[in-house]
Amino acid sequence: MTNDELITKLKAIIAPYVQDEKAFENLTEDTDFINDLKVNSANLVDIILDIEDEFSIRLENEDMEKMLDVKAAMLIINTKLEA
């Protein structure tokens, strides 16, 4: 899966939880879920659960703690998919 395909899938997952639409429109690998998109911590858990379902992967607590921005999410997802 290319980075563009992965970002497209992530955007679809993240969209319902975003509080800052302008930041969402300009989403890049460096976009932070909490600081940029204004996603609250409860919704961040929902995003993580949706990622698990979408990609049929299981995320450990340490993965969840690191998944604070798009780049980290992409790295973790790719690592899990390759395993």
For a side-chain contact (heavy atoms from CB on, under 4.5 Å) check, start with the C-alpha distance between Thr79 and Ile76, then their side-chain angles and the critical distance, and finish with the verdict. CA-CA 5 Å; Thr79 301; Ile76 292 166; 5.7 Å; no

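Heavy-atom minimum distance, Ile47 versus Ile13: O-CG2, 3.9 Å.
At least one side-chain heavy atom of Met67 sits under 4.5 Å from a side-chain heavy atom of Ile51. Phe33 is not listed as a side-chain neighbour of Val18, based on a closest heavy-atom distance of 4.5 Å or more.
Distance check, rounded to the nearest 0.5 Å: CG of Asn78 to CG of Asn3 gives 6.5 Å. The distance from the CG atom of Leu37 to the CG atom of Asp32 is 7.5 Å, given to the nearest 0.5 Å. From Ile77, atom CD1 reaches atom CG of Leu6 across 5.0 Å, with rounding to the nearest 0.5 Å. To the nearest 0.5 Å, the span separating CE on Met74 from CG on Asp69 amounts to 10.5 Å.
Under the side chain to side chain donor-acceptor pair (under 3.5 Å) criterion, the residue pairs touching residues 11-29 are Tyr17-Asp50, with sequence neighbours excluded. Under the salt bridge (Lys or Arg N to Asp or Glu O under 4.0 Å) criterion, no residue pair touches residues 35-45, with sequence neighbours excluded.
In this structure Asp30 satisfies the salt bridge (charged side-chain N to carboxylate O under 4.0 Å, His left out) test together with Lys71, sequence neighbours excluded. Scored by the side chain to side chain contact (heavy atoms under 4.5 Å, CB included) test, Glu60 finds Arg58, Glu62, Asp63, Lys80 as partners (sequence neighbours excluded). Under the rule for a side chain to side chain contact (heavy atoms under 4.5 Å, CB included), Ser56 has no partner lying at least two apart in sequence or in another chain.
Follow the hydrophobic side-chain contacts under 4.5 Å out from Leu10 and you never reach Leu75; the two are in separate clusters.
In this structure, Leu49 belongs to a hydrophobic cluster whose other members, linked by side-chain heavy atoms under 4.5 Å apart, are Val45.
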